[in-house]
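First comes the structure, then the notes that go with it.
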Amino acid sequence: GAGVSQSPSNKVTEKGKDVELRCDPISGHTALYWYRQSLGQGLEFLIYFQGNSAPDKSGLPSDRFSAERTGGSVSTLTIQRTQQEDSAVYLCASSLARARGLGREQFFGPGTRLTVL
Amino acid sequence: GNSVTQMEGPVTLSEEAFLTINCTYTATGYPSLFWYVQYPGEGLQLLLKATKADDKGSNKGFEATYRKETTSFHLEKGSVQVSDSAVYFCALPISSGSARQLTFGSGTQLTVLP
């Protein structure tokens, strides 16, 4: 079956512009995660959605970052007024999530490489 | 929260050499531990995992044992191949409660030469 897909694969934008990154999780996966992979910071957790619960936004670096998940499936990560330090690869992952699923594997998408000029 | 410290690279080995990539963690309780791999141009993939102390995860000839005494989860392979060239990440849940989001090590770039 299809894995996690992300679009676009590459995005180049000018400083100050807004960008939207899209993630399509694996069908049936109720948990969805956004991570950021950058040279200086490694892999960082950004935000986590689980079903209809309020998302865990504790990893978002500033209020310029927001994300939503419509209908419990597709998610969009929005970065407003982009800055050069936002340049990174943005990774989306999804997993099955059950009450005792702490060891549940996360499946990652190929990522969106964002370059802010 | 939990954290992980991973051996920094890059690591360059000849084909058929023995590989060890060190990973130590700090955590409350005994969370699951993971190794992820990122091949060139591809996304992260789960390589192996261990869900409790003394468990050994294994896959594709790689092994890692969950050792609570030394708080370690070192990745090993007896004979590496050129196709193992990739970046390897050690990871665990960000906290030992109900959290599922992961915290990752800094990654170790492995290059295997023919």
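Model, not experiment: these values are computed from the prediction.
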Using every non-hydrogen atom in the two residues, find where Q38(B) and Q37(A) come nearest and quote the distance to one decimal.
OE1-NE2, 3.0 Å
Please give me the minimum heavy-atom distance between Q101(B) and Q106(A), naming the atom from each residue.
CA-NE2, 4.1 Å
Test applied, side chain to side chain contact (heavy atoms under 4.5 Å, CB included); reference residue, L102(B); option that passes from Y35(A), F45(A), Y48(A):
Y35(A)
Does any backbone or side-chain atom of L43(A) lie under 4.5 Å from a heavy atom of chain B? Answer side chain, backbone, both or neither.
both
Are [X] and [Y] in one and the same hydrophobic cluster, where Ile, Leu, Val, Met, Phe, Trp and Tyr link if side-chain heavy atoms are under 4.5 Å apart?
X: L92(B); Y: V37(B); result: yes
X: I26(A); Y: I47(A); result: no
X: V4(A); Y: V74(A); result: no
X: V89(A); Y: L32(A); result: no
X: L48(B); Y: Y39(B); result: yes

Main chain of F108(A), side chain of Y36(B): is a donor-acceptor contact present, judged purely on distance under 3.5 Å?
no
